[in-house]
Asks: 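I am attaching a structure below and will ask some questions about it afterwards.
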Protein chains: 2
Amino acid sequence: MFDELCPSSYNPIRFGDKWAALILACLEHGPRRFSELRVPLARVTPKVLTQSLRSLERDGMVKRTVYAEATPHVEYELTPLGRSLLGPLAVACAWTREHWDELLDARDAYDHAASEDRRAG
Amino acid sequence: MFDELCPSSYNPIRFGDKWAALILACLEHGPRRFSELRVPLARVTPKVLTQSLRSLERDGMVKRTVYAEATPHVEYELTPLGRSLLGPLAVACAWTREHWDELLDARDAYDHAASEDRRAG
DNA sequence: GGCCCTGGTTACCCCGGGGATACCGGCTAT
DNA sequence: ATAGCCGGTATCCCCGGGGTAACCAGGGCC
């Protein structure tokens, strides 16, 4: 559903901070461990991933659970509130799929016209 | 429809830059002049408003028209692309109306727990 | 000439998100 | 003992969004 997610900075519709939308999508189908999240989010440094997860946790979107068993680990999962964001997120993704090219074309046209103007003085 | 819009920074779902969602909402019902936009956006300085409008124009969301008549002025209006964002924007507003309190409660709880932890060491 | 309206621009500054890199403490397995 | 894995921290730095304040050019008006 969120195949074409990219860092939010490239999208006119954004959720939370730069990587939040991707994190929400990664958690859509169940809990994930920190190291599991690092795989699809390989370009995100651990510090930034922690920051983003803490922010989502603070906003009640994500629940963090520490399992202090023989092999201790941490799991992150969506709360009902976090899950309620998946609807708007899907709407945003649909908008982007449908209009992304149009937006890029508009940017090219605008930038081209701007450089023409500069040349003309 | 967008009665409760606030600067995007306070919202987990954001459109464009800080003031873009408010601008889209202001343009929903027809073209507006620069000075007309400054009324509902009184807290936004002209520089920042211009920046935001230029960005929306570059992305093909807004069309800027100069009327060089006896009394010259400028009008900003939504393009079809900009208008297509109103749907996702309405979805985002609905989400916020429904879940805003829940989010604030989560923040309070998180911050409170954090300060307790600090006290306990 | 002097003033206002319109739609901006210019210069300056500040803060915070987020990137790079390195390090860390607990636990287990061998 | 030492080498992993796990889930992070610590430090430093940079850039750009966005805020303040002041200034500006063209036209109309009186």
Side-chain angles (χ1 to χ4, degrees), chain A residues 6-23 26-27 31-59 62-77 107 114 117-118 121, chain B residues 6-23 26-27 31-59 62-77 107 114 117-118 121:
Chain A
C6 50
S8 308
S9 16
Y10 305 136
N11 199 309
I13 315 178
R14 284 163 298 131
F15 291 75
D17 59 25
K18 186 170 180 184
W19 303 103
L22 283 171
I23 293 174
C26 289
L27 295 177
R32 294 287 180 266
R33 301 166 57 163
F34 189 82
S35 42
E36 288 173 324
L37 288 173
R38 295 208 61 192
V39 176
L41 297 167
R43 288 165 303 172
V44 188
T45 62
K47 180 200 126 186
V48 172
L49 181 54
T50 301
Q51 278 178 358
S52 198
L53 284 166
R54 289 289 189 281
S55 168
L56 287 168
E57 190 192 356
R58 179 166 112 94
D59 281 357
V62 160
K63 181 166 173 242
R64 176 174 180 273
T65 311
V66 178
Y67 293 90
E69 300 162 0
T71 151
H73 62 279
V74 177
E75 274 186 4
Y76 293 93
E77 62 183 321
R107 279 188 191 170
D117 285 356
R118 252 177 281 122
Chain B
C6 51
S8 307
S9 16
Y10 304 136
N11 199 310
I13 315 179
R14 283 165 298 131
F15 291 74
D17 58 24
K18 186 172 180 183
W19 302 102
L22 284 171
I23 293 174
C26 289
L27 294 177
R32 293 287 180 265
R33 301 167 55 165
F34 189 82
S35 43
E36 287 173 325
L37 288 172
R38 295 207 61 191
V39 177
L41 297 166
R43 287 166 303 173
V44 187
T45 61
K47 181 201 127 187
V48 173
L49 182 54
T50 301
Q51 277 178 359
S52 200
L53 284 167
R54 289 288 189 280
S55 168
L56 287 168
E57 191 192 354
R58 178 163 114 87
D59 282 358
V62 160
K63 180 165 173 245
R64 177 175 180 273
T65 311
V66 178
Y67 292 90
E69 301 162 0
T71 152
H73 61 280
V74 176
E75 275 187 3
Y76 293 92
E77 63 183 320
R107 279 188 190 169
D117 286 357
R118 254 178 279 122

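This one's a predicted model, so the numbers in the text were calculated from it and none came from an experiment. Lettering follows sequence order; numbering is per chain, from 1. Just so you know, these numbers use all the heavy atoms, side chains as well, and skip hydrogens, waters and symmetry mates.
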Asks: Quick one: list whatever passes side chain to side chain contact (heavy atoms under 4.5 Å, CB included) with Pro72(A), sequence neighbours left out.
Replies: none
Asks: Sequence neighbours left out, what passes side chain to side chain contact (heavy atoms under 4.5 Å, CB included) with Glu75(B)? Give chain and number order.
Replies: Pro31(B), Arg33(B), Tyr67(B), His73(B)
Asks: Excluding sequence neighbours, so at least two apart, what forms side chain to side chain contact (heavy atoms under 4.5 Å, CB included) with Val66(B)?
Replies: Arg64(B), Val74(B)
Asks: What's the CZ-C1' distance between Phe34(A) and dT9(D), to the nearest Å?
Replies: 11 Å
Asks: Specify the residues of residues 65-75 of chain B, ordered by number, for which at least one heavy atom lies under 4.0 angstrom from an atom of DNA chain D.
Replies: Ala70(B)
Asks: Could you pull out all donor-acceptor pairs under 3.5 Å where a side-chain atom in residues 48-56 of chain A meets a protein atom, sequence neighbours excluded?
Replies:
unit_1: Thr50(A); atom_1: OG1; unit_2: Pro46(A); atom_2: O; d: 2.9
unit_1: Ser52(A); atom_1: OG; unit_2: Asp17(A); atom_2: OD1; d: 2.7
unit_1: Ser52(A); atom_1: OG; unit_2: Asp17(A); atom_2: OD2; d: 3.2

Asks: What string of B, S and - do you get for nucleotides 17-24 of chain D, 5' to 3', if B is base contact, S is sugar-phosphate-only contact and - is no contact with any protein heavy atom under 4.0 Å?
Replies: -BBB----
Asks: For dG8(D), does OP1 or OP2 lie under 4.0 Å from any side-chain N or O of Arg33(A)?
Replies: no
Asks: What's Arg38(A) touching, base or sugar-phosphate or nothing? Going by heavy atoms closer than 4.0 Å.
Replies: nothing
Asks: For Arg58(B), check salt bridge (Lys or Arg N to Asp or Glu O under 4.0 Å) against everything at least two apart and list the hits.
Replies: Asp111(A)
Asks: What's the CG-C1' distance between Leu53(A) and dT9(D), to the nearest Å?
Replies: 15 Å
Asks: Once side chain to side chain contact (heavy atoms under 4.5 Å, CB included) is applied, do any residues pair with Thr71(A), and if so which ones, sequence neighbours excluded?
Replies: none
Asks: Write out a two-atom table: protein N or O, nucleotide N or O from nucleotides 1-3 of chain D, distance below 3.5 Å.
Replies:
none

Asks: Does anyone know the first and last nucleotide of DNA chain C in reach of chain A, 5' to 3', at under 4.0 angstrom to a heavy atom?
Replies: dG18(C) to dT28(C)
Asks: Rounded to the nearest 0.5 Å, how far does CG of Leu27(B) lie from CD of Glu36(B)?
Replies: 10.0 Å
Asks: Just to verify, which of Ile23(A), Leu37(A), Thr65(A) counts as forming a side chain to side chain contact (heavy atoms under 4.5 Å, CB included) with Tyr76(A)?
Replies: Leu37(A)
Asks: Taking all non-hydrogen atoms of both residues into account, name the closest pair between Val44(A) and Arg38(A) and its distance.
Replies: O-NH2, 3.9 Å
